[in-house]
Amino acid sequence: MLELILGTVFLIYILFIGQLIYGFNRMRRFSKTKFTPKTSFTIVVPFRNEKENLPNLLHSIALLNYPKELVEVILVDDDSDDEFRIQNLEFRIQMIKNVRKSNSPKKDAIETAIQIAKHDWIITTDADCLVQKDWLTIYDQYIQKNEVEMVASGVCYVPKNGFLSAFQNLDFLSLQGATIGSFGINQPFMCNGANFAYSKSFFKELNGFQGNETIASGDDVFLLQKAVSFAPKKVGFLLAKESIVATKPVATWSELFQQRVRWASKSTGYSSVYGKLLALVVFGGNLAWIVSFLLWLVGLLDQNIFMLFVALKFLIDFILIYKTANFFESKLQYVFASSLLYPFFSVSVAVYSLFGKYSWKGRNFKK
């Protein structure tokens, strides 16, 4: 009976991840061609205590191959303890203070910036990111070619050595793969605010972040899910090398756990039924792995059956991660060791996110 229950859970898990792989394969890469730039962008960067990272981001923005008159940068200081001074930048740039009005500092920061933004499109990124020179060029071409009002795109980690960086890279690739795959099956529910764009008029039409102000994070996924529910044909994913934004991996296991708890805490607030269902299936698949392992240890599960479960889960996960890594040109390391640790890490994060609290940028947030 136990074997049947566990086998059913694994089968459902494999079917869902297989569906995401199918969706990933359906997505077509967008290629850069010759267009006259038309879209005007306001780059919004909420930040708190980022004086080490902001100069690198602004340097990458300064190298953008895009008309200066079509770009402005708004840095939103969310009560930083350190002081940052703006360096000279060819684009219009200003730094403003965040106006807090909800439990979500980042949503408040974005809304504060949108109120004074001069351009038609808002594109958000994070202070610890780096953008490519054709970042806005490829966005502009995608927007011109497709009748969209919201565009999500890819984020990858800056490569670093060591098991911690390799582990979180694999985890992050699985999230990016799920994001791309969900767009491919017309069930988008997830994106990353480090590389996310929408028109100001569409943001106002959606009433912004209204409805999820009590949840500290989720400036990206909740807005995406609201848009998909309201006007799915106006939402697209830009699958292009030029649009990828790079971000830094965290430095410690504690930071990684807190970050993933913050991300996982959003899932209970999803409006997307598919998103909620997938989160439950992924949790179930990883919990089933742990239960199978413990039952095998105490001799209640046949070794051959346990190895079959492990092999099937590893294989389906690896296919999605490999395809994603191939697109991002990301090197895969410690894959097998990470696959053994991941179920314990994932289940711990999921359970803690339901009952615990987390720290973020020096602040504590309760579920």
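Being a predicted model, the structure only gives us computed values, none of them experimental. What's counted below: heavy atoms across the whole structure, side chains too, no hydrogens, waters or symmetry copies.
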Heavy-atom closest pair, residues [X] and [Y]:
X      : Y      : result
Ala113 : Val44  : CB-CG1, 3.6 Å
Ala350 : Phe283 : CB-CD1, 3.6 Å
Ile180 : Phe328 : CD1-CE1, 4.4 Å
Gln176 : Val155 : OE1-N, 3.1 Å
Ser265 : Ser353 : N-CB, 3.9 Å
Thr125 : Ala194 : OG1-O, 2.8 Å

Tell me whether the rings of Tyr274 and Phe16 are parallel (<30°), tilted (30 to 60°) or perpendicular (>60°). parallel
Would you call the rings of Phe203 and Tyr198 parallel, tilted or perpendicular, taking 30° and 60° as the class edges? parallel
With a 4.5 Å cut-off on side-chain heavy-atom distances among I, L, V, M, F, W and Y, is there a chain of contacts connecting [X] to [Y]?
X      : Y      : result
Ile93  : Trp135 : yes
Leu320 : Leu312 : yes
Val282 : Ile12  : yes
Val9   : Trp296 : no
Leu11  : Ile319 : no

Main-chain N/O of [Y] paired with [X] side-chain donor or acceptor, under 3.5 Å:
X      : Y      : result
Gln144 : Thr36  : yes
Ser80  : Asp77  : no
Ser60  : Val131 : yes
Arg48  : Asp79  : yes
Thr124 : Gly193 : yes
Gln168 : Val250 : yes
Lys248 : Asp128 : no
Ser199 : Trp121 : no
Asn195 : Ser243 : yes
Ser346 : Tyr342 : no

Close side-chain approach of [X] to [Y], heavy-atom, < 4.5 Å:
X      : Y      : value
Met150 : Leu206 : yes
Cys156 : Ile244 : yes
Ile143 : Val151 : yes
Ser153 : Tyr139 : yes
Phe91  : Ile43  : no
Leu295 : Leu6   : yes
Lys233 : Glu147 : no
Tyr13  : Ile316 : yes

Do [X] and [Y] have a side chain donor and acceptor closer than 3.5 Å?
X      : Y      : answer
Asn192 : Thr179 : no
Asn25  : Lys323 : yes
Asn169 : Lys160 : no

Residues Lys101, Asp108: salt bridge by 4.0 Å N-O rule: no
Salt bridge check, Asp220 against Lys106: does any charged N sit closer than 4.0 Å to a carboxylate O? no
Can you tell me how far [atom2] of [Y] sits from [atom1] of [X], rounded to the nearest 0.5 angstrom?
X      : Y      : atom1 : atom2 : answer
Tyr270 : Lys276 : OH    : NZ    : 10.5 Å
Tyr66  : Ile61  : OH    : CD1   : 14.5 Å
Met307 : Ser292 : CE    : OG    : 12.0 Å
Gln19  : Leu278 : CD    : CG    : 8.5 Å
Asp120 : Thr39  : CG    : OG1   : 8.0 Å
Asp78  : Arg100 : CG    : CZ    : 6.0 Å

Atom [atom1] of [X] with >12 non-hydrogen neighbours under 6.0 angstrom:
X      : atom1 : value
Lys68  : NZ    : yes
Asn161 : CG    : no
Phe163 : CZ    : yes

Among His119, Lys200, Glu72, the one residue meeting side chain to side chain donor-acceptor pair (under 3.5 Å) with Thr42: Glu72
If you apply the rule side chain to side chain contact (heavy atoms under 4.5 Å, CB included), what do you find for Lys118 with Arg92, and how did you get there? CA-CA 10 Å; Lys118 295 189 178 298; Arg92 171 186 166 84; 2.9 Å; yes
Among residues at least two apart in sequence or on other chains, which ones pass side chain to side chain contact (heavy atoms under 4.5 Å, CB included) with Ala231? Phe202, Lys234
Among residues at least two apart in sequence or on other chains, which ones pass side chain to side chain contact (heavy atoms under 4.5 Å, CB included) with Tyr322? Phe318, Leu332
Residue of the set Phe336, Trp253, Phe257, Tyr334 for which ring pair (Phe, Tyr, Trp, His ring centres under 6.0 Å) holds with Phe167: Trp253
Among Phe309, Trp289, Phe314, find the one that has a ring pair (Phe, Tyr, Trp, His ring centres under 6.0 Å) with Phe10. Phe309
